[in-house]
There are 2 protein chains.
Amino acid sequence: MSSKELQVLEDYIQQNNLKITRQRRAVLNAFLECEKHVSAEELYRIVTQKDPKIGLATVYRTLSLLTHSQLASELDFGDGQKRYEHRYMHSHHDHMICTECGKIIEFNHPLIEKFQEEVASRNGFTITSHKLDIFGLCSECR
Amino acid sequence: MSSKELQVLEDYIQQNNLKITRQRRAVLNAFLECEKHVSAEELYRIVTQKDPKIGLATVYRTLSLLTHSQLASELDFGDGQKRYEHRYMHSHHDHMICTECGKIIEFNHPLIEKFQEEVASRNGFTITSHKLDIFGLCSECR
DNA sequence: GAAGTTTTTGATAATGTTTGCCGACACCAT
DNA sequence: ATGGTGTCGGCAAACATTATCAAAAACTTC
Ligand SMILES: [Mn+2]
Ligand SMILES: [Mn+2]
Ligand SMILES: [Zn+2]
Ligand SMILES: [Zn+2]
């Protein structure tokens, strides 16, 4: 189970004089196996099923590590808790969130991206990041 | 100082068996005089300068009222506190936020709006709302 | 306009997510 | 083994917002 992602984490850890630990591997593995947009609390519950001694603070700390090492992206859909998704080998996309069942549809529209650049440069604004969240009802909840 | 907005609030209040109070008028006036995207805490400080006895909870409660009566829009730029802006007689727009000085540029790009509808219907998704936040540096902070 | 009814208010406690703190602990190199 | 450095788990603290509740204000009815 030695994934490319583990290598990325180990590289980051070595470059910053940190240490690879059982807990960090456990959180990384749980995160990688969890295929979608997961909160810290959810990941904590998953991790503690295999290793009940891992603390919630460690999950938060490791998620911060994963974010800084570019393995994870931090998302905030405005529901009070942050979520995390795979970033390694995943390209940028935006989200449609079903307010009924919580389903999340990912999409990328090149022209939307392009017009954002256009409207930014028109205002002398330099983009560092953006996020587009569309809320509504998915096909099953309509 | 009897604005159209006060009339909107009074209509909403009557329709819901609520009561118009000195505090609600004070918060509404402060909100209307405050021209930009204001947080509850900021508005609280403004209101208490004219009427020091108004409580913070009342400001929160009145902002909720203003939002429900369509006088205000609630915004969340992900910095930990919600902000509010005028909604009455103001059309939809999105925001560019300067991460250096906090300046906010409003914009509306009809094609971005249109392509959102397009990508939604392509996925059988019914939009109820959306928000596009662009983060970066404004022309003065670049 | 007094009495009665309903809603609101201000102060403060509680909430929920995330971060800070700290003593114990693991790991690695001498 | 010993020392040094970084990590861990548990829990306290931070922070914005909401809930609670007795007292006050607003409206209704006479
Ligand atoms: Mn995603
Ligand atoms: Mn705005
Ligand atoms: Zn749904
Ligand atoms: Zn700026």
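Lettering of chains follows the sequences in order, A, B, ..., and the numbering in each one begins at 1.
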Between B:Ile20 and B:Leu56, the residue closer to the 5' end of DNA chain D by nearest nucleotide is B:Leu56
Starting from [atom2] on [N], measure out to [atom1] on [X] and report it in whole angstrom.
{"X": "A:Leu65", "N": "D:dC8", "atom1": "CG", "atom2": "C1'", "result": "13 Å"}
{"X": "A:Asp79", "N": "D:dT18", "atom1": "CG", "atom2": "P", "result": "14 Å"}
{"X": "A:Gln23", "N": "C:dA26", "atom1": "CD", "atom2": "C1'", "result": "9 Å"}
{"X": "B:Glu41", "N": "D:dT17", "atom1": "CD", "atom2": "P", "result": "9 Å"}
{"X": "B:Asn17", "N": "C:dT7", "atom1": "CG", "atom2": "P", "result": "7 Å"}
{"X": "B:Lys53", "N": "D:dA23", "atom1": "NZ", "atom2": "C1'", "result": "15 Å"}
{"X": "A:Arg25", "N": "D:dC8", "atom1": "CZ", "atom2": "C1'", "result": "15 Å"}
{"X": "B:Leu9", "N": "D:dA26", "atom1": "CG", "atom2": "C1'", "result": "15 Å"}

Can you find a donor-acceptor pair, distance only, under 3.5 Å between [X] side chain and [N] base?
{"X": "A:Lys82", "N": "C:dT18", "result": "no"}
{"X": "B:Lys19", "N": "C:dT6", "result": "yes"}
{"X": "B:Arg61", "N": "C:dG10", "result": "yes"}

For residues [X] and [Y]: do they belong to one hydrophobic cluster (side chain heavy atoms under 4.5 Å, members Ile, Leu, Val, Met, Phe, Trp, Tyr)?
{"X": "B:Leu18", "Y": "B:Leu63", "result": "yes"}
{"X": "B:Tyr44", "Y": "B:Leu65", "result": "yes"}
{"X": "B:Leu43", "Y": "B:Leu75", "result": "no"}

Q) Do A:Arg24 and A:Ile13 touch side chain to side chain, with heavy atoms closer than 4.5 Å? A) yes
On the nucleotide [N], are OP1 or OP2 found under 4.0 Å from the side-chain N or O atoms that [X] carries?
{"X": "B:Tyr60", "N": "D:dT17", "value": "yes"}
{"X": "B:Thr21", "N": "C:dT7", "value": "no"}
{"X": "B:Arg24", "N": "C:dT7", "value": "no"}
{"X": "B:Arg22", "N": "D:dA25", "value": "no"}
{"X": "B:Thr58", "N": "C:dT8", "value": "no"}

5'-most contact on DNA chain C (nearest-nucleotide basis), B:Pro52 vs B:Asn16, goes to B:Asn16
On DNA chain C, more 5' by nearest nucleotide between B:Leu18 and B:Tyr44 is B:Leu18
Does a salt bridge link A:Glu118 with A:Lys114, judged by any charged N lying under 4.0 Å from a carboxylate O? no
